[in-house]
Amino acid sequence: MTQKIRQCNLSDIKTLQEISIETFNDTFKDQNSPENMATYLEKAFNLEQLKDELATAASQFYFIYLNDEIAGYLKINILDAQSEKMGDDSLEIERIYIRSSFQKHGLGKSLYQKAIAYANEWGKKKIWLGVWEKNENAIAFYKKMGFEQSGSHSFYMGDEEQIDLIMVKSLTNSFEG
Ligand SMILES: CC(=O)SCCNC(=O)CCNC(=O)[C@H](O)C(C)(C)COP(=O)(O)OP(=O)(O)OC[C@H]1O[C@@H](n2cnc3c(N)ncnc32)[C@H](O)[C@@H]1OP(=O)(O)O
């Protein structure tokens, strides 16, 4: 089983759109109305939006492959690209999404470790993320990775207001890879 992680660029936009829609759908379609899912997918993953995000210097996307097959992706943000004002000493994991058939093989952890490595390289003191309060699997995964809840914010899925838990991990004494 060979894992590979590589940074995405503009030429990856179609693949990024496909894997974003597939993984978002698989994760949330059972707990949300088709209308709200469709509204969100169109807003978050249209090609213009993804093009802007790929061109943002303070955001980076990575694909992870298992045995040369695309298995998931990571999006990280720093500085003003963070979706909350968490300060210049923090890095946001905006998304870790692993395709269903590749979950529980250690790939989510590999992407988390990639984010930690960049946070340490760039001298960040904390790493944080927002996760839907009903996404129990992701909350359990991030707790396992050492994150703790520090607050919450609201978020719109179509016309439904939802709560995201803000989870934070301090890096001050941590140089794990
Ligand atoms: C900020 C955000 O991105 S929020 C959205 C998060 N993404 C999603 O919800 C999309 C759907 N889910 C996924 O993509 C994946 O299941 C993830 C990202 C949550 C986890 O990635 P995976 O590759 O499945 O997890 P991975 O195999 O790397 O597990 C790492 C560790 O977490 C543990 N873990 C993973 N999922 C769970 C869970 N549901 N409950 C308890 N522990 C878990 C594993 O047992 C493993 O422990 P170990 O280090 O002791 O062996």
Side-chain angles (χ1 to χ4, degrees), residues 1-6 8 15-32 36-37 40-41 43-45 49-50 53 56 58-78 81-86 90-119 124 126-157 160 162-171 174 176-177:
M1 302 276 249
T2 313
Q3 286 184 28
K4 189 179 80 186
I5 296 175
R6 75 161 176 90
C8 304
T15 308
L16 179 62
Q17 185 185 45
E18 282 164 20
I19 194 168
S20 300
I21 291 173
E22 175 194 312
T23 53
F24 197 90
N25 239 325
D26 287 349
T27 306
F28 299 117
K29 68 176 181 318
D30 292 345
Q31 291 167 288
N32 291 280
N36 285 343
M37 286 293 291
Y40 185 86
L41 289 171
K43 182 172 137 226
F45 303 128
Q49 176 67 28
L50 291 178
E53 293 181 22
T56 299
S59 295
Q60 294 186 351
F61 289 86
Y62 295 86
F63 286 153
I64 188 163
Y65 298 83
L66 189 66
N67 297 333
D68 292 329
E69 218 182 321
I70 187 156
Y73 76 103
L74 163 72
K75 183 182 181 202
I76 54 176
N77 301 317
I78 56 171
Q82 296 176 95
S83 50
E84 290 277 334
K85 289 193 189 313
M86 297 293 274
S90 59
L91 177 144
E92 175 185 14
I93 295 181
E94 187 179 344
R95 298 193 180 117
I96 294 181
Y97 281 78
I98 304 295
R99 297 171 77 196
S100 305
S101 57
F102 292 89
Q103 289 175 11
K104 303 272 165 72
H105 288 78
L107 301 175
K109 187 174 183 175
S110 294
L111 289 178
Y112 151 77
Q113 287 171 331
K114 186 83 181 167
I116 291 278
Y118 277 112
K124 304 299 179 192
K126 59 181 192 272
I127 185 160
W128 72 278
L129 56 95
V131 54
W132 187 30
E133 62 177 349
K134 293 189 181 165
N135 190 348
E136 292 171 5
N137 282 326
I139 292 168
F141 165 76
Y142 284 117
K143 280 188 177 158
K144 189 86 196 268
M145 297 300 110
F147 288 80
E148 289 176 2
Q149 188 188 343
S150 73
S152 61
H153 66 190
S154 67
F155 158 93
Y156 275 88
M157 170 73 89
E160 189 188 323
Q162 301 186 345
I163 305 293
D164 266 0
L165 309 185
I166 305 292
M167 300 184 79
V168 178
K169 179 171 177 171
S170 169
L171 300 176
S174 155
E176 60 185 279

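These numbers come from a predicted model, not from an experiment. Atoms within a ligand are numbered from 1 in the order they appear, just like the ligands themselves.
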> Name the closest protein heavy atom to atom 31 (C) of ligand 1, giving the residue it belongs to and the distance to 0.1 Å.
Met145 CE, 3.5 Å
> Any non-hydrogen atom of Gly130 lying under 4.0 Å from ligand 1?
yes
> Is the shortest distance from a heavy atom of Leu107 to ligand 1 less than 4.0 Å?
yes
> Could you tell me, atom by atom, which parts of ligand 1 come under 4.0 Å of a heavy atom of His105?
27 (O)
> Looking only at protein heavy atoms, which one is nearest to atom 7 (N) of ligand 1, and how far off is it?
Ile96 O, 2.8 Å
> Report yes if some heavy atom in the side chain of Ile139 is under 4.5 Å from a heavy atom in the side chain of Leu165; otherwise report no.
yes
> Got the closest protein heavy atom to atom 27 (O) of ligand 1, with its distance?
Gly106 N, 2.8 Å
> Any atoms of ligand 1 less than 4.0 Å from a non-hydrogen atom of Arg95? List them with their elements.
3 (O)
> Report the C-alpha separation of Phe147 and Phe141 in whole Å, then their side-chain angles, then the decisive distance to 0.1 Å, and conclude whether the ring pair (Phe, Tyr, Trp, His ring centres under 6.0 Å) test is met.
CA-CA 9 Å; Phe147 288 80; Phe141 165 76; 8.4 Å; no
> Looking at Gln149 and Met167, would you say the former's side chain and the latter's main chain have a donor-acceptor pair under 3.5 Å?
no
> Of the side chain and backbone of Tyr112, name the one, both, or neither that has a heavy atom under 4.0 Å from an atom of ligand 1.
neither
> Measure the distances from the heavy atoms of Tyr142 to every atom of ligand 1 and state whether one is below 4.0 angstrom.
yes
> Before giving the answer on salt bridge (charged side-chain N to carboxylate O under 4.0 Å, His left out), spell out for Lys169 and Glu148 the whole-Å C-alpha distance, their side-chain angles and the decisive distance to 0.1 Å.
CA-CA 6 Å; Lys169 179 171 177 171; Glu148 289 176 2; over 6 Å; no
> Going by the atom numbers of ligand 1, which of them fall below 4.0 Å from some non-hydrogen atom of Lys109?
28 (O), 30 (C), 49 (O)
> Any idea which of Ile139, Asn137, Thr23 brings a heavy atom closest to atom 39 (N) of ligand 1?
Asn137
> Considering the heavy atoms of Ala140, write down every atom of ligand 1 situated less than 4.0 Å from one of them.
38 (C), 40 (N), 41 (C)
> Checking a contact table here: which protein heavy atom is nearest atom 4 (S) of ligand 1, and how many Å away?
Val131 CG2, 3.9 Å
> Does the residue Arg99 have a heavy-atom contact with ligand 1, meaning some pair of atoms that are separated by less than 4.0 Å?
no
> Using a strict cut-off of 4.0 Å, indicate which atoms of ligand 1 neighbour a heavy atom of Ile93.
1 (C)
> How far is atom 12 (N) of ligand 1 from its nearest protein heavy atom, and which residue and atom name does that atom have?
Gln103 NE2, 3.5 Å
> Among all protein non-hydrogen atoms, which one is nearest to atom 11 (C) of ligand 1, and what is the separation to 0.1 Å?
Thr27 OG1, 3.4 Å
> Answer yes or no for Lys143: is there a heavy-atom contact with ligand 1 below 4.0 Å?
no
> Please indicate whether any nitrogen or oxygen in Gly108 is less than 3.5 Å from any nitrogen or oxygen in ligand 1.
yes
> May I ask you to list the atoms of ligand 1 that are less than 4.0 angstrom from any heavy atom of Lys104?
22 (P), 23 (O), 24 (O), 27 (O), 35 (C), 36 (N), 37 (C)
> May I ask whether atom 51 (O) of ligand 1 is less than 4.0 Å from at least one protein heavy atom?
no
> Students often mix this up, so state it plainly: with edges at 30° and 60°, are the rings of Phe24 and Tyr40 parallel, tilted or perpendicular?
parallel
> Between Asn67 and Thr2, is there a donor-acceptor pair closer than 3.5 Å when you use the side chain of the first and the backbone of the second?
yes
> Do side-chain atoms of Arg99 reach the backbone of Ile70 as a donor and acceptor pair under 3.5 angstrom?
yes
> What's the shortest distance from atom 9 (O) of ligand 1 to any protein heavy atom, and which residue and atom give it?
Asn135 ND2, 2.8 Å
> Evaluate the salt bridge (charged side-chain N to carboxylate O under 4.0 Å, His left out) criterion for residues Lys75 and Glu92: first the C-alpha distance (whole Å), next the side-chain angles of each, then the deciding distance (0.1 Å), finally the verdict.
CA-CA 8 Å; Lys75 183 182 181 202; Glu92 175 185 14; over 6 Å; no
> Nearest protein heavy-atom contact for atom 44 (C) of ligand 1: which residue, which atom, what distance?
Lys144 NZ, 4.6 Å
> Check each atom of ligand 1 against the heavy atoms of Ala138 and keep those under 4.0 Å away; list them by number with element.
6 (C), 9 (O), 19 (C)
> Hey, is ligand 1 close enough to Phe28 that some N/O pair sits below 3.5 Å?
no
